[in-house]
Amino acid sequence: MPVARPEPQEPRVIAHVDMDCFYVQVEQRRNPALRGQPTAVVQYNDWKGGGLIAVSYEARGFGVKRSMRGDEAKRVCPGINLVQVPVARGKADLNLYRSAGSEVVAILASKGKCERASIDEVYLDLTDAAKEMLLQAPPDSPEEILIEAAKSNILGLPSDASEKEKIVRAWLCRPDADSEDKLLACGAIIVAQLRVRVLEETQFTCSAGIAHNKMLAKLVSGMHKPAQQTVVPSSSVQDFLASLPVKKMKQLGGKLGSSLQDDLGVETIGDLLSFTEEKLQEQYGVNTGTWLWKIARGISGEEVEDRLLPKSHGCGKTFPGPKALKNSASVKGWLDQLCEELSERIQSDLNQNKRIAQTLTLHARVSKENERDSVKKFPSKSCPLRYGTWKIQEDAMKLFESGLHDFLEYQNTGWSITSLSVTASKIFDIPSGTSSILRYVKGPSSASSPAIPDSSSVPEDPSLDNNVYVTPSNEEQCEPSTSEKEDGKKYSAISAKQCSANEAKRISKKFPEVKGTSSILKFLSRGQSALHEKRKSDGLICSHPGLESSLEASRAEEHNASAQGADRSSTNCGAEPSGSNAWMFNVEDIDPAVVEELPPEIRREIQGWIRPPKQPNTKRRGSTISSYFPPARS
DNA sequence: ACGGATCGCACT
DNA sequence: TAGTGCGAT
């Protein structure tokens, strides 16, 4: 349910920027012959021509809609170009669009607080930039920068006038405007400039809304499309909302909106004004009631969050109708594919953004059998996320089995899975200054891979050292970044130190008993067995069905690393960036007891990487990483 | 055979 | 917390 936020007292300047039929634009950039043509992006095409997920404005002119099938689109628009979403591992691969979205975000984040709201939308808080412009370059001086801004739509001004641009320009430069409108005018100019930059640097057009809060900015960003922007002066808010159908408001597109219509007879946002806050609270609860009362008055205190990256990564696929999965072998096969993609994505998040995900969740759906009230849902299951494709696959399968077990206890019928997804969530920045214990290990070095065998190493365990190489790692990546991390946030579980090859060598020198770069890490990780047993006896592990045999899995993985690595490099043509098929050394694998055996200078260093173990709380049921490495404060 | 694949959030 | 549910694009 929506929740009202405290209202900032100062007027803000907020923009919502929305890419125009984004996936289509990405494909048009790849293939310029598609520009100006009726075009749509479809995923899959074997069934009814695939499902449309983006439609160009030319095609919309023919009545083509999202949610149509490819065949249907062809019918209403025979000349349409249907471009397929790339497929990898048997599923739609959206990475192309994700990285295109990142290009845009990088530009839009340059003028103030920027929140990535989705793959093709951002919110901007331009309050400071607008204030600054008001002081230094009031919107009436330079002619040139007004040209784009003058194409804005101003809510409340005539939009069909022949003199429209002159009127808009006059509004933007109006000397007698109040300070709120002046700030909005500055915001409009800034956004116009940003949109030009986006177009110049990415070839993508976008539309935008500029208002005093997120709700209003979002409401109007799509009002004039494509490639236009719309401003909402305070003076036009009431009239605008008065006639706005409830379903158009964000959060009211579903059941809540229907209930407003059906139960209260509310058709427009304006209709809400006739209800007292108490009445709305009584109907929908305190939070939602207050929220409704406020939005009816154009009030929304929601802040723009400073976040350029997604909070979770998910990979899923549906298996409709006859494609439903009916045995555990096929589930395993598909889960492996999904986990492979997920692993790749969290690995690049780690490499590029220095972020670590902590939780792995599995979702599945079972087909609803005929009419019979087999409405039982397949339960979601989650567990601590261990890095490494094979570990993720293993854990995901365990989670599935656990969920299936629960499901079958009540549902005595057979099963058939119609959708599967795996999600990595609870993603945290690695605090700068410290970094994490990352053990980048590659399979046997192929000719194309730059892995460096550690020739000085004396293998203590041939099965490990003969096959394992530490990749060279970029030193500056390990330097503390200058940007100040906001503190007071829980850095969660992991505070660790990035361990580059050079650093591992340096440590090795100080610690002669442990020879070689991989050996130091191996040394740190030995004793897992003892740790595992300890956790078990502390009752910390038993409720994690996905992890019961994690130890065995780890061992098997080390021994299999060679063979599997070879498989991968042959199918991947060896062109992967360094680290892409690496797996990580997990903090959870470190035995605190091992750390204590280290010489003091090494121990000091190691203990900067990980937090001291908390006294196990036997009442707790989860063996999460955080129960072992709790946040410093909390 | 539910438009599919992803996301975010509030609630319990 | 883990798990559910809703809403959005």
Side-chain angles (χ1 to χ4, degrees), chain A residues 1-5 16 18-19 21-23 40-44 46-55 65-70 72-73 85 87 91-95 97-98 101 115-121 218 221-222 247-259 285-288 291 302 305 307 309-324 338 341-342 345 358-363 365-368 377-384 399 402-403 406 418-427 543-546 617 619-624 626-627:
Chain A
M1 304 289 264
V3 160
R5 301 290 178 196
H16 178 257
D18 194 332
M19 305 306 293
C21 55
F22 188 46
Y23 292 8
V41 174
V42 297
Q43 46 191 7
Y44 313 124
D46 54 327
W47 195 66
K48 298 190 174 180
L52 274 58
I53 54 176
V55 180
K65 299 246 177 85
R66 236 181 323 166
S67 91
M68 273 184 178
R69 301 288 176 180
E72 204 179 349
V85 172
V87 170
K91 67 178 289 296
D93 178 4
L94 304 184
N95 281 329
Y97 313 113
R98 285 193 188 94
E115 173 181 332
R116 189 198 117 122
S118 79
I119 197 169
D120 71 339
E121 284 174 287
K218 164 84 178 169
S221 65
K247 291 271 178 190
K248 298 277 188 189
M249 175 73 62
K250 196 171 83 150
Q251 302 292 303
L252 297 184
K255 298 182 177 182
L256 181 54
S258 298
S259 166
V286 183
N287 286 334
T288 302
W291 179 80
E302 197 185 340
E305 216 182 309
R307 180 176 57 76
L309 299 170
K311 289 184 162 182
S312 65
H313 301 288
C315 301
K317 179 167 177 61
T318 57
F319 308 94
K323 293 208 162 100
L338 295 171
E341 184 191 320
L342 184 64
R345 282 167 58 191
Q358 277 195 48
T359 303
L360 176 70
T361 305
L362 177 131
H363 295 269
R365 270 169 40 191
V366 287
S367 69
K368 9 185 161 176
K377 301 243 166 94
F378 193 100
S380 301
K381 294 287 170 183
S382 56
C383 71
L399 291 174
S402 161
D406 291 359
T418 57
S419 103
L420 280 178
S421 76
V422 287
T423 302
S425 61
K426 306 206 182 132
I427 303 179
S543 72
H544 275 293
N617 177 358
K619 280 184 193 166
R620 288 284 307 261
R621 49 184 194 92
S623 118
T624 59
S626 51
S627 57

Rounded to whole angstrom, note down the [atom1] distance from [N] over to [M].
{"N": "dC9(B)", "M": "dT1(C)", "atom1": "P", "result": "15 Å"}
{"N": "dG7(C)", "M": "dG4(B)", "atom1": "C1'", "result": "16 Å"}
{"N": "dA8(C)", "M": "dG3(B)", "atom1": "C1'", "result": "14 Å"}

For [X], which residues count as a side chain to side chain contact (heavy atoms under 4.5 Å, CB included) partner, sequence neighbours excluded?
{"X": "Val55(A)", "answer": "Ala40(A), Leu52(A), Ala59(A), Arg60(A), Val64(A)"}
{"X": "Asp406(A)", "answer": "Pro379(A), Lys381(A)"}
{"X": "Arg98(A)", "answer": "Leu94(A), Asn95(A), Ile119(A), Glu341(A), Arg345(A)"}
{"X": "Glu121(A)", "answer": "His16(A), Asp18(A), Ala117(A), Ser118(A), Lys218(A)"}

Taking only nitrogen or oxygen atoms into account, show me every contact under 3.5 Å that the protein makes with nucleotides 5-8 of chain C, one pair per line with its distance.
unit_1 : atom_1 : unit_2    : atom_2 : d
dC6(C) : OP1    : Lys255(A) : NZ     : 2.8
dG7(C) : OP1    : Lys255(A) : N      : 2.8
dG7(C) : OP1    : Leu256(A) : N      : 2.9
dG7(C) : OP2    : Lys255(A) : N      : 3.0
dA8(C) : OP1    : Gln251(A) : N      : 2.8
dA8(C) : OP1    : Leu252(A) : N      : 3.3
dA8(C) : OP1    : Gly253(A) : N      : 2.9

Touch class at under 4.0 angstrom, heavy-atom based, for [X] against every strand present:
{"X": "Arg66(A)", "result": "base"}
{"X": "Ser118(A)", "result": "nothing"}
{"X": "Arg98(A)", "result": "sugar-phosphate"}
{"X": "Gly51(A)", "result": "nothing"}
{"X": "Pro2(A)", "result": "nothing"}
{"X": "Glu305(A)", "result": "sugar-phosphate"}

Self-check item: Interatomic distance, Cys21(A) atom SG to Arg66(A) atom CZ [nearest 0.5 angstrom]
Solution: 10.0 Å
Practice problem: Tell me, please, the opening and closing nucleotides of DNA chain B, 5' to 3', among those with an atom under 4.0 angstrom from a non-hydrogen atom of chain A. | Solution: dA1(B) to dC11(B)
Quiz item: Between Ala117(A) and Trp47(A), who's closer to the 5' end of DNA chain B by nearest nucleotide?
Solution: Trp47(A)
Quiz prompt | Residue whose nearest DNA chain B nucleotide is more 5′ - Leu52(A) or Asn287(A) | solution = Leu52(A)
Practice problem: Can you sort out the partners of Arg307(A) under salt bridge (Lys or Arg N to Asp or Glu O under 4.0 Å), two or more places apart, ordered by chain and number? | Solution: Glu305(A)
Quiz item: Would His363(A) and Ser421(A) count as having a side-chain donor-acceptor pair, cut-off 3.5 Å?
Solution: no
Indicate every side-chain donor-acceptor pair of residues 310-324 of chain A with a distance under 3.5 Å to a residue at least two apart or in another chain.
unit_1    : atom_1 : unit_2    : atom_2 : d
His313(A) : NE2    : Asp349(A) : OD2    : 2.7
Lys317(A) : NZ     : Tyr44(A)  : OH     : 3.4
Lys323(A) : NZ     : Asp46(A)  : OD2    : 3.1

Quiz prompt | Set of side-chain hydrogen bond (donor to acceptor under 3.5 Å, both in side chains) partners for Lys48(A), sequence neighbours left out | solution = none
